[in-house]
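Take a look at the structure set out below.
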Amino acid sequence: MTKLKFVPLIIAGLTLAACGDGLPADKTVDRGTDRKDLSQLQAGIWVDPNGCDHWIIDDGVEGYLSARLDKYGKPVCSGVAQPTYTAGDFKRGSRIGDPN
């Protein structure tokens with residue numbers, strides 16, 4: 001009876017092991033269907049509720065977002081758009097359409 005206790009642990013371990021794709025963790029490459037360098041995608045700016053900028057990229061399947069920082073590491077709050085709005089064609093650069 002005690003052997004049955006280990007079956008769920010073994011199944012959970014095998015399931016987690018299958019999650020890795022075996023590829024290096026290179027964060028500069030899109031892992032979606034078109035698999036290209038992120039520099040080939042078009043970035044836009046999303047303004048958070050506090051008025052600060054964030055770089056945004058949407059390739060139709062995956063999305064990327066990072067804070068826009070100045071050379072000292074402080075947030076950039078440029079006023080390029082109203083809070084919670086975006087500026088720029090951040091959906092361009094992918095062959096996958098986005099219905100929004």
Side-chain angles (χ1 to χ4, degrees):
M1 194 65 156
T2 60
K3 291 181 183 180
L4 292 178
K5 291 181 182 179
F6 292 108
V7 172
L9 291 176
I10 293 170
I11 292 172
L14 292 172
T15 303
L16 289 175
C19 290
D21 58 6
L23 298 173
D26 183 359
K27 302 295 184 189
T28 64
V29 177
D30 176 23
R31 301 243 184 252
T33 59
D34 44 5
R35 293 184 187 246
K36 58 184 161 188
D37 192 88
L38 293 180
S39 66
Q40 295 175 316
L41 297 172
Q42 178 70 34
I45 297 174
W46 173 72
V47 181
D48 69 20
N50 296 322
C52 295
D53 301 354
H54 299 265
W55 295 112
I56 183 171
I57 298 173
D58 180 3
D59 78 347
V61 174
E62 298 169 316
Y64 305 92
L65 180 74
S66 65
R68 186 175 175 202
L69 305 174
D70 67 11
K71 64 181 180 178
Y72 303 106
K74 294 184 179 181
V76 173
C77 305
S78 68
V80 70
Q82 296 178 38
T84 70
Y85 282 83
T86 58
D89 191 11
F90 64 95
K91 297 180 182 184
R92 193 179 74 196
S94 177
R95 62 187 170 114
I96 301 168
D98 192 340
N100 294 331

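These numbers come from a predicted model, not from an experiment.
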Specify the closest pair of heavy atoms between [X] and [Y], including all atoms of both residues, with the distance to one decimal.
X   : Y   : value
D53 : G79 : OD1-N, 4.4 Å
P49 : T84 : CG-CG2, 4.0 Å
A81 : A87 : CB-CB, 4.4 Å

To the nearest 0.5 Å, what is the distance between [atom1] on [X] and [atom2] on [Y]?
X   : Y   : atom1 : atom2 : answer
S66 : W46 : OG    : CH2   : 12.0 Å
Q42 : I56 : CD    : CD1   : 12.0 Å
S78 : D70 : OG    : CG    : 12.0 Å

Is there side-chain contact between L65 and W55, with at least one heavy-atom pair below 4.5 Å? no
In sequence, state the C-alpha distance, the side-chain angles, and the governing distance for V80 and V47, and then conclude on side-chain contact (heavy atoms from CB on, under 4.5 Å). CA-CA 8 Å; V80 70; V47 181; 4.1 Å; yes
Under the criterion side-chain contact (heavy atoms from CB on, under 4.5 Å), I'd like the reasoning laid out for I45 against R68: C-alpha separation, chi angles, the key distance, then a yes or no. CA-CA 8 Å; I45 297 174; R68 186 175 175 202; 3.2 Å; yes
When you measure from the side chain of D48 to the backbone of N50, do you find a donor-acceptor pair of N or O atoms at a distance under 3.5 Å? yes
